[in-house]
Amino acid sequence: MVLENKNTDLYLEEDQSYRDTISTVDKEGKRIWLYPKNPKGKLTNYRKLLSVFFIALMIAGPFIKIQGEPILLLNIIERKFIIFGKIFWPQDFHIFLLVMIAFVIFIGLFTVVYGRVFCGWVCPQTIFMESVFRKIEYWIEGDWKARITLDKSSMNANKIIKKTSKHLIFFGLSFIIANIFLSYILGVEKLTKLVVEGPSEHAGALIALLGFTAAFYGVYARFREQVCTTVCPYGRLQGVLLDKNSLVVIYDYIRGETRGRLKPKEDRAALGKGDCISCHQCVDVCPMGIDIRNGTQLECTNCTACMDACNHIMTSIGKPQGLIRIDSEASVCEKKPFKFTPRIIAYTIVLMILSSIIISLLAFRSDIETTMLRTPGVLFQRLPNNEISNLYNIKMINKTNREIKIDIKILSGKGKLKLIGNDLVIPSQGTAQTSAFIILDKNDINQFKTDIKLAAYEESKELDNFTTTFIGPINN
Ligand code: SF4
Ligand code: SF4
């Protein structure tokens, strides 16, 4: 995003070459290791609370059951997916696809209007990095300056103890996270069974567990913010999703410029100085290593740490808070408070509609799926009493975890259905096949092919309805 304002020409003329590179890579292409300052403030406290809530939810997730099924299971190995306790089969792929499409549109529209708030506040990568691993690092090695000193110091007993203990804890935590992750793929019961039976019987499970542990350890110990800037596709899309009306964490350059150090008893207004006192606190706390005063940048996750830091400075020098705040570039540029424009309202309505579609698709999916087709190679049979019958093969899939006894009824027109064999019972998460006759009176047949609507009931509750065709003689 390029800042535009006629009154800030000087600001705009500043070197914008920082946009050509990412902040954590130097001219030689080497990684610049970040030492962000431990953030403090109101928003940081809110973020901590939210992180505790999300971490508790992530840990508890595999244990939370709805009608005996986990709240979320994404078993890609066995192609079994459970969302909010509902089992999605390969036959439900169309629903899955629609939900995914709706979800992608939702994310896109949400970002256009409300910015990248997901990254800084909800994304598991940020939550674990900033609220767990970074906190342990501060606890063991101290705040940023102590960490810089420690890293620059030669190897001694203190450094060995601190580094070893930190990495051991990181590895242990990565192992726990790998277990949580795998329990969303395999299910907590199956994972427990694999662990209890031991690596001698399930070497593959152990390899997978160690592989995920190593991956998480690598991400949180070394790769860190690079995930957000170089790997995450959502992060890389920011350049096209955000525009000047999007809500972002933004530096009010009109109020802040021209920046300059605070000197005792100076009249900053008379000197043409803005409210930014060049204290660098907003840069020091940034976990992505950027200077938000340069404008909105790809790396910014909207974590709001810089807002807390600047608000603290503004309060201490007797200026109003909000020099860095959540606002749109258009509002800052035009010096107008953020307004809900018709476009934002329209997008919000679309978001609400999409949310309803996603919820309805998930909530109202039928518990069973029925296929009823005429038996191949068999035409119609003439029966006594002036009746015609067709033979059908019925296949039913039970998508729930309970056994279902099915009663099939004809909804359209006259006729009767006669099941061949015993009661139709579908085992939990299983399939059942049977055959049946549909019998119509000859006088009710007006065409060669007649559509027959049917429904499957569990007691009096309709679970599924479907259509099949009936063939019969046109001229009696
Ligand atoms: S924290 Fe605020 S005052 Fe300090 S450099 Fe950043 S924007 Fe300027
Ligand atoms: S610029 Fe501010 S909001 Fe963006 S990542 Fe850095 S500290 Fe967080």
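Heavy-atom basis, side chains included; hydrogens, waters and symmetry copies ignored. Ligands are counted one by one from 1 in listed order, and the atoms in each one are counted from 1 as well.
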**Report entry** side-chain contact (heavy atoms from CB on, under 4.5 Å) between Glu403 and Ile426, intermediate numbers included
**Finding:** CA-CA 6 Å; Glu403 189 180 82; Ile426 333 174; over 6 Å; no
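- The shell of residues lying under 4.0 angstrom from ligand 1, judged by heavy atoms, excludes Arg259.
- Between Arg255 and Leu323 there is a side-chain heavy-atom pair separated by less than 4.5 Å.
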Report task. Could you please spell out the steps behind the side-chain hydrogen bond (donor to acceptor under 3.5 Å, both in side chains) verdict for Glu462 and Asn465? Result -> CA-CA 8 Å; Glu462 184 184 311; Asn465 59 60; 2.8 Å; yes
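- Less than 4.0 angstrom separates some heavy atom of Cys282 from each of these atoms of ligand 1: 1 (S), 5 (S), 6 (Fe), 7 (S).
- Atoms of ligand 2 found under 4.0 Å from any heavy atom of Cys286 (numbered from 1 in listed order, with element): 1 (S), 5 (S), 6 (Fe), 7 (S).
- Those atoms of ligand 1 with a heavy atom of Cys279 less than 4.0 angstrom away are 1 (S), 3 (S), 4 (Fe), 5 (S).
- Of all the atoms in ligand 1, the ones that sit under 4.0 Å from a non-hydrogen atom of Met314 are 3 (S).
- Contacts of Ile324 with ligand 2, taken as heavy-atom pairs under 4.0 Å, are absent altogether.
- Under 3.5 Å, the side chains of Asn38 and Lys135 contain a donor-acceptor pair of N or O atoms.
- Atom 2 (Fe) of ligand 1 has as its closest protein heavy atom Cys310 SG, 2.4 Å.
- The shell of residues lying under 4.0 angstrom from ligand 2, judged by heavy atoms, excludes Val285.
- Regarding atom 3 (S) of ligand 1, its nearest protein heavy-atom neighbour is Ile277 N, 3.5 Å.
- Residue Ile290 has at least one heavy-atom neighbour below 4.0 Å for each of these atoms of ligand 2: 1 (S).
- For atom 4 (Fe) of ligand 2, the candidate residues are Cys300, Gly115, Cys303; the nearest heavy-atom contact is made by Cys300.
- Residue Cys306 has at least one heavy-atom neighbour below 4.0 Å for each of these atoms of ligand 2: 1 (S), 2 (Fe), 3 (S), 7 (S).
- Annotation for ligand 2: atoms under 4.0 Å from non-hydrogen atoms of Met288 are 5 (S).
- A donor atom on one side chain and an acceptor atom on the other are found under 3.5 Å apart for Glu197 and His202.
- Evaluated for a salt bridge (Lys or Arg N to Asp or Glu O under 4.0 Å) with Glu137, the options Lys163, Lys162, Lys166 yield exactly one hit, Lys166.
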**Report entry** Evaluation steps, side-chain hydrogen bond (donor to acceptor under 3.5 Å, both in side chains), between Tyr234 and Thr111
**Finding:** CA-CA 10 Å; Tyr234 180 57; Thr111 310; 2.5 Å; yes
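- A distance-only check finds a donor-acceptor pair linking the side chain of Arg47 to the backbone of Cys303 [under 3.5 Å].
- Because its NZ or CZ atom is not both nearer than 6.0 Å to the ring centre of Trp121 and within 45° of the ring axis, Arg116 does not count as a cation-pi partner of that residue.
- Ligand-side atoms of ligand 2 in range of Thr301: 4 (Fe), 5 (S), range being under 4.0 angstrom from any heavy atom.
- A donor and an acceptor atom, one from each side chain of Thr296 and Glu329, are nowhere located under 3.5 Å apart.
- Counting protein heavy atoms only, atom 8 (Fe) of ligand 1 is closest to Cys276 SG, 2.3 Å.
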